[in-house]
Number of protein chains: 2
Amino acid sequence: MIKISSFNVNGIRAAHRKGFVDWVEESDPDIICIQELRALENQVPKQIRELDYHENYHVADKKGYSGVAIYSKEEPLKVEHGIGVDWIDREGRIIMAEFEKFRVFSIYAPSGTTGDVRQDMKMKFLADFIRFGERYANDDKPSVFCGDYNICHTEIDIHNPSKQHKTSGFLPEERQWVTEFLEVGYQDVFRELHPGEEDLYSWWSYRAASKERNKGWRIDYHLATPKMAEKAEEAEIEMKWDLSDHAPVSISYKL
Amino acid sequence: MIKISSFNVNGIRAAHRKGFVDWVEESDPDIICIQELRALENQVPKQIRELDYHENYHVADKKGYSGVAIYSKEEPLKVEHGIGVDWIDREGRIIMAEFEKFRVFSIYAPSGTTGDVRQDMKMKFLADFIRFGERYANDDKPSVFCGDYNICHTEIDIHNPSKQHKTSGFLPEERQWVTEFLEVGYQDVFRELHPGEEDLYSWWSYRAASKERNKGWRIDYHLATPKMAEKAEEAEIEMKWDLSDHAPVSISYKL
DNA sequence: CATAGGATG
DNA sequence: CATCATATG
């Protein structure tokens with residue numbers, strides 16, 4: 001069994017102060033897909049770097065902004081950064097680690113909440129990203145795209161859906177994009193293991209005590225090819241840790 | 001007896017979080033000369049504004065920067081802001097409150113620690129300020145200029161003096177300026193009440209545990225005309241409070 | 001080392 | 001509401 005966790009840490013240094021290392025030791029994932037590192041590699045706290053994982057990073061040009069990583073107990077056979085689109089790759093949003101039996105991606109899609117300019121870039125990112133996804137959809141080697149997509153797919157993925165139809169992250173065109181990505185050949189592994197189950201979220205606003213009231217959004221996914229998804233056994237959102245505004249989404253695969 | 005406190009709060013909002021109101025209630029000064037407010041008047045915490053003091057402010061153009069105030073139990077007969085030099089007055093460094101029997105000033109001299117440009121401005125400020133001091137030196141009404149001058153006068157006003165002769169705040173020309181200000185007709189009231197006494201400081205760097213080791217500087221003064229200084233009875237640096245990197249310098253005058 | 005404001009989420 | 005960068009001290 002391989003346990004893979006997807007976790008937007010909202011600043012690895014902040015998460016470290018709140019007990020990131022305790023989480024790693026207790027949850028003990030084999031692979032951790034990190035998003036929003038908000039640090040350069042050499043700014044990652046020493047206690048984290050001393051964990052028994054191979055670390056691979058893809059950071060943004062801009063300091064303190066974005067950045068993804070994959071930590072793995074096993075050393076990857078190959079690591080790739082970005083998707084080959086310059087402006088995207090300078091924002092540190094995609095990294096891939098290839099192992100003998102599968103590939104893992106750590107993905108951080110742009111947020112569109114700050115206005116039209118960023119919303120337009122988000123949609124551009126998504127358009128390019130779907131083509132990137134097509135490259136791996138029919139490959140013999142199973143793949144899983146873990147990360148923060150900043151989109152809730154369906155009404156049960158967001159609290160108070162009726163009031164959110166004009167909110168970035170739940171716009172019709174964004175939700176449609178998730179549907180299209182699934183049509184390319186990916187499966188929403190967490191949802192398949194918890195079909196129809198309500199009130200399962202992976203992000204809560206820091207405002208208005210959203211987490212204690214569980215007024216959240218499910219925007220962090222494992223999107224996997226069928227050969228990967230069929231191996232999934234158990235999926236959990238690790239809500240008990242308060243390390244970030246997101247919670248780790250951890251899934252065990254029988255590989 | 002009138003107790004006047006001079007206190008660089010290093011951000012009134014931060015000082016408030018650490019118990020500024022407790023200090024006011026326990027120390028109970030009649031007049032508080034505040035420096036480095038680092039807030040607009042309407043950003044001052046409500047609990048402070050609800051204290052039983054008349055408040056008068058002189059803030060900087062730049063938000064979160066500099067700013068002085070005088071809080072007084074009695075309402076001033078007159079309040080004046082600045083010294084009539086535009087660039088100085090836009091930095092919120094001087095306010096005067098006039099009462100029946102005396103005048104009080106709250107002064108915040110520039111720091112020169114960030115480099116030559118600011119050091120030059122500090123010396124320019126001091127040159128203009130000495131002319132401002134001359135206006136009140138021979139006035140019948142006693143005056144006291146309370147504040148943070150960012151200068152240690154003599155070797156006993158700074159820890160480790162032999163190593164500081166090239167440090168902004170203890171440069172020969174700065175120390176000479178204090179001497180000249182005294183020659184204009186002001187007295188260093190705290191020092192006159194504690195002549196020759198060592199290890200009396202009003203500021204400690206936040207670095208290297210300077211305060212617990214009492215590795216400080218005395219840069220906050222009551223500089224008073226003779227008619228004011230002769231009324232001083234008791235002077236204390238209130239080190240027990242940890243509200244700022246400075247401590248309040250409180251002197252009681254028999255007026 | 002600490003306080004602010006500003007950008008970003 | 002929170003994290004980070006930058007200016008200032």
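So you know, we letter chains A, B, ... as the sequences are listed, proteins then strands, and number each from 1. Scope of the values below: all heavy atoms of this structure, side chains included, with no hydrogens, waters or symmetry mates.
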**Prompt:** How is B:Gln43 classified with respect to the nucleic acid when contacts are heavy atoms under 4.0 Å: base, sugar-phosphate, or nothing?
**Reply:** sugar-phosphate
**Prompt:** Considering only side-chain heavy atoms of B:Tyr108, which listed nucleotide, C:dT8, D:dG9, D:dC1, is closest?
**Reply:** D:dG9
**Request:** Check the distance between C:dT3's C1' and B:Ile34's CD1 and give it to me in whole angstrom.
**Result:** 16 Å
**Request:** Check whether any side-chain nitrogen or oxygen of B:Tyr206 sits under 4.0 Å from OP1 or OP2 of C:dT3, and answer yes or no.
**Result:** no
**Asked** Sub-3.5 Å donor-acceptor pair from the side chain of B:Arg93 to the main-chain atoms of B:Tyr108, do we have one?
**Response** yes
**Item:** d(CD, B:Glu91; C1', C:dA4) in whole Å
**Value:** 15 Å
**Message:** Distance check needed: C:dG9 P versus A:Lys122 NZ, whole Å only.
**Reply:** 11 Å
**Message:** What is the separation between atom CG on B:Asn150 and atom P on D:dT8, rounded to the nearest whole Å?
**Reply:** 15 Å
**Prompt:** Taking atom C1' of D:dT8 as reference, at what distance in whole Å does atom NE2 of B:His246 sit?
**Reply:** 13 Å
**Members of residues 5-21 of chain B that approach DNA chain C, where some heavy atom sits under 4.0 Å away** = B:Asn10, B:Gly11, B:Arg13, B:Ala14, B:Arg17, B:Lys18
**Message:** B:Glu173: which residues meet the side-chain contact (heavy atoms from CB on, under 4.5 Å) condition with it, sequence neighbours left out?
**Reply:** B:Met123, B:Leu171
**Request:** Taking atom types as modelled, find out whether B:Ser66 and B:Glu91 have a side-chain donor-acceptor pair closer than 3.5 angstrom.
**Result:** no
**Request:** May I have the distance from B:Lys63 (atom NZ) to D:dA7 (atom P), rounded to whole angstrom?
**Result:** 18 Å
**Asked** How close or far is atom C1' of D:dG9 from atom CD of B:Gln35, stated in whole angstroms?
**Response** 14 Å
**Request:** List the atom of B:Arg118, the atom of B:Ser111, and the distance in Å for their closest heavy-atom pair.
**Result:** CB-O, 3.6 Å
**Message:** Tell me the interatomic distance from A:Lys211, atom NZ, to D:dA2, atom P, rounded to whole angstroms.
**Reply:** 12 Å
**Request:** Kindly write out the residues that satisfy ring pair (Phe, Tyr, Trp, His ring centres under 6.0 Å) with B:Tyr57, not counting sequence neighbours, or none if the list is empty.
**Result:** B:Tyr71
**Prompt:** Sub-3.5 Å donor-acceptor pair from the side chain of A:Trp23 to the main-chain atoms of A:Leu243, do we have one?
**Reply:** no
**Prompt:** Among B:Tyr186, B:Phe132, B:Phe129, which one satisfies ring-ring contact (aromatic ring centres under 6.0 Å, His included) with B:Phe105?
**Reply:** B:Phe132
**Asked** Any side-chain N or O of A:Thr114 under 4.0 Å from OP1/OP2 of C:dG9?
**Response** yes
**Message:** Is there a side-chain contact between A:Lys62 and the phosphate of C:dT8, meaning an N or O under 4.0 Å from OP1 or OP2?
**Reply:** yes
